[in-house]
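Read through the structure below, which is laid out as structure tokens, and then see the notes.
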Amino acid sequence: MAYIKPFSPSAPKEAPGQTLRMVSPSEAAGIIDSVPDTVILDLRTPLEFDQGHIPDARLLDYNKDDFWKRLASLDRDKPYVIYCATQGRSFQTFEKMAALGFAKVWLLQGGFYAWRNAGLPIAH
């Protein structure tokens with residue numbers, strides 16, 4: 001049986017003045033604790049959010065019809081940590097935020113499941 005390497009997308013290219021990084025759960029926790037005014041965006045559904053989320057996260061439901069419009073209306077100068085359940089929805093959002101010129105975006109590798117499995121705090 002052949003070994004198949006898991007898909008691991010790479011971060012979009014940074015424009016001057018941009019920070020676009022995929023980070024581990026522990027790195028994300030450090031950013032949340034140390035970077036002032038970081039906005040934590042949970043891109044899951046309200047049901048997923050209610051079952052547990054990163055403390056102080058704001059819900060921005062990826063499945064809503066107006067998701068991309070709401071995303072584009074966010075302050076592009078604020079720093080963001082974004083996540084979904086496993087990294088599918090959040091990676092597409094990460095690419096769009098890069099294209100829109102958001103200054104600082106960190107994508108939580110492995111999503112909420114990785115955060116939870118790392119034993120980091122969860123709010124309900």
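Note that this is a predicted model, so its numbers are computed, not measured. Values reported hereafter were calculated over all heavy atoms of this structure, with side chains retained and with hydrogens, waters and symmetry mates removed.
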>> Quick check: is I40 connected to L20 through a chain of hydrophobic side chains (ILVMFWY, heavy atoms under 4.5 Å apart)?
In response: no
> Does the side chain of T86 reach to within under 4.5 Å of the side chain of F91, using non-hydrogen atoms?
Replying inline: no
> Above 12 or not: heavy atoms from other molecules or residues under 6.0 Å from CG of D33?
Replying inline: yes
> Counting only N and O atoms by type, is there a donor-acceptor contact under 3.5 Å from the side chain of H124 to the main-chain atoms of Q51?
Replying inline: yes
> Can you hop from Y83 to I31 via hydrophobic side chains spaced under 4.5 Å?
Replying inline: yes
>> Does the plane of the ring in F67 sit parallel, tilted or perpendicular to the ring in Y62? Use 30° and 60° as the thresholds.
In response: tilted
>> Evaluate N63 against R89 for side-chain contact (heavy atoms from CB on, under 4.5 Å), listing each step before the verdict.
In response: CA-CA 9 Å; N63 294 326; R89 294 168 277 191; 4.2 Å; yes
> Looking only at heavy atoms, what is the nearest atom pair of P55 and P121, with distance?
Replying inline: CD-O, 3.3 Å
> Can you name the closest pair of heavy atoms from R76 and L100 and give their distance?
Replying inline: NH1-O, 3.3 Å
>> If I take atom CD from residue Q109 and atom CD from residue E27, how far apart are they, to the nearest 0.5 angstrom?
In response: 7.5 Å
> L59: which other cluster members, linking ILVMFWY side chains closer than 4.5 Å, directly or transitively?
Replying inline: F49
> Has D37 got more than 12 heavy atoms of other residues, nucleotides or ligands less than 6.0 Å from its CG?
Replying inline: no
>> Do L120 and F112 land in one hydrophobic cluster if side-chain heavy atoms of ILVMFWY residues count as linked below 4.5 Å?
In response: yes
> Counting N and O atoms only, with roles assigned by atom type, does the side chain of R116 sit under 3.5 Å from a partner on the main chain of I122, one being a donor and the other an acceptor?
Replying inline: no
>> The test is side-chain contact (heavy atoms from CB on, under 4.5 Å); show your working for V35 and V81 and say whether it passes.
In response: CA-CA 10 Å; V35 177; V81 169; over 6 Å; no
>> Assess the residue pair R21 and E14 against the criterion (side-chain contact (heavy atoms from CB on, under 4.5 Å)); give the C-alpha distance rounded to whole Å, side-chain angles, the decisive distance to 0.1 Å, and a yes or no.
In response: CA-CA 9 Å; R21 302 264 161 51; E14 294 176 354; 3.4 Å; yes
> Roughly how far, to the nearest 0.5 Å, is OG of S90 from CG of D42?
Replying inline: 9.5 Å
> Can you hop from L60 to M97 via hydrophobic side chains spaced under 4.5 Å?
Replying inline: yes
>> Applying ring pair (Phe, Tyr, Trp, His ring centres under 6.0 Å), can you list everything that pairs with Y113, at least two apart in sequence or on another chain?
In response: none
> Shared ILVMFWY cluster between L107 and W115, side chains joined below 4.5 angstrom?
Replying inline: no
>> Walk me through whether I54 and L108 qualify under side-chain contact (heavy atoms from CB on, under 4.5 Å).
In response: CA-CA 11 Å; I54 295 174; L108 174 59; 4.0 Å; yes
> For A118 and P25, which heavy atoms make the closest approach, and how far apart are they?
Replying inline: CB-CB, 4.0 Å
> Taking C-beta and beyond as the side chain, do L41 and T93 meet within less than 4.5 Å on heavy atoms?
Replying inline: no
> Only one of W106, F102, F94 forms a side chain to side chain contact (heavy atoms under 4.5 Å, CB included) with I82, so which one is it?
Replying inline: F94
>> Is it true that, when you exclude D56 itself, more than 12 heavy atoms of the residues, nucleotides or ligands shown sit nearer than 6.0 Å to its CG?
In response: no
> For the atom pair NZ (K64) and CG (L71), what is the distance rounded to the nearest 0.5 Å?
Replying inline: 15.5 Å
>> Closer than 3.5 angstrom, by distance alone: can the side chain of Q87 be matched with the main-chain N or O of G110 as a donor-acceptor pair?
In response: yes
>> On a heavy-atom basis, which atom in R44 and which in G52 lie closest, and how many Å separate them?
In response: NH2-O, 2.5 Å
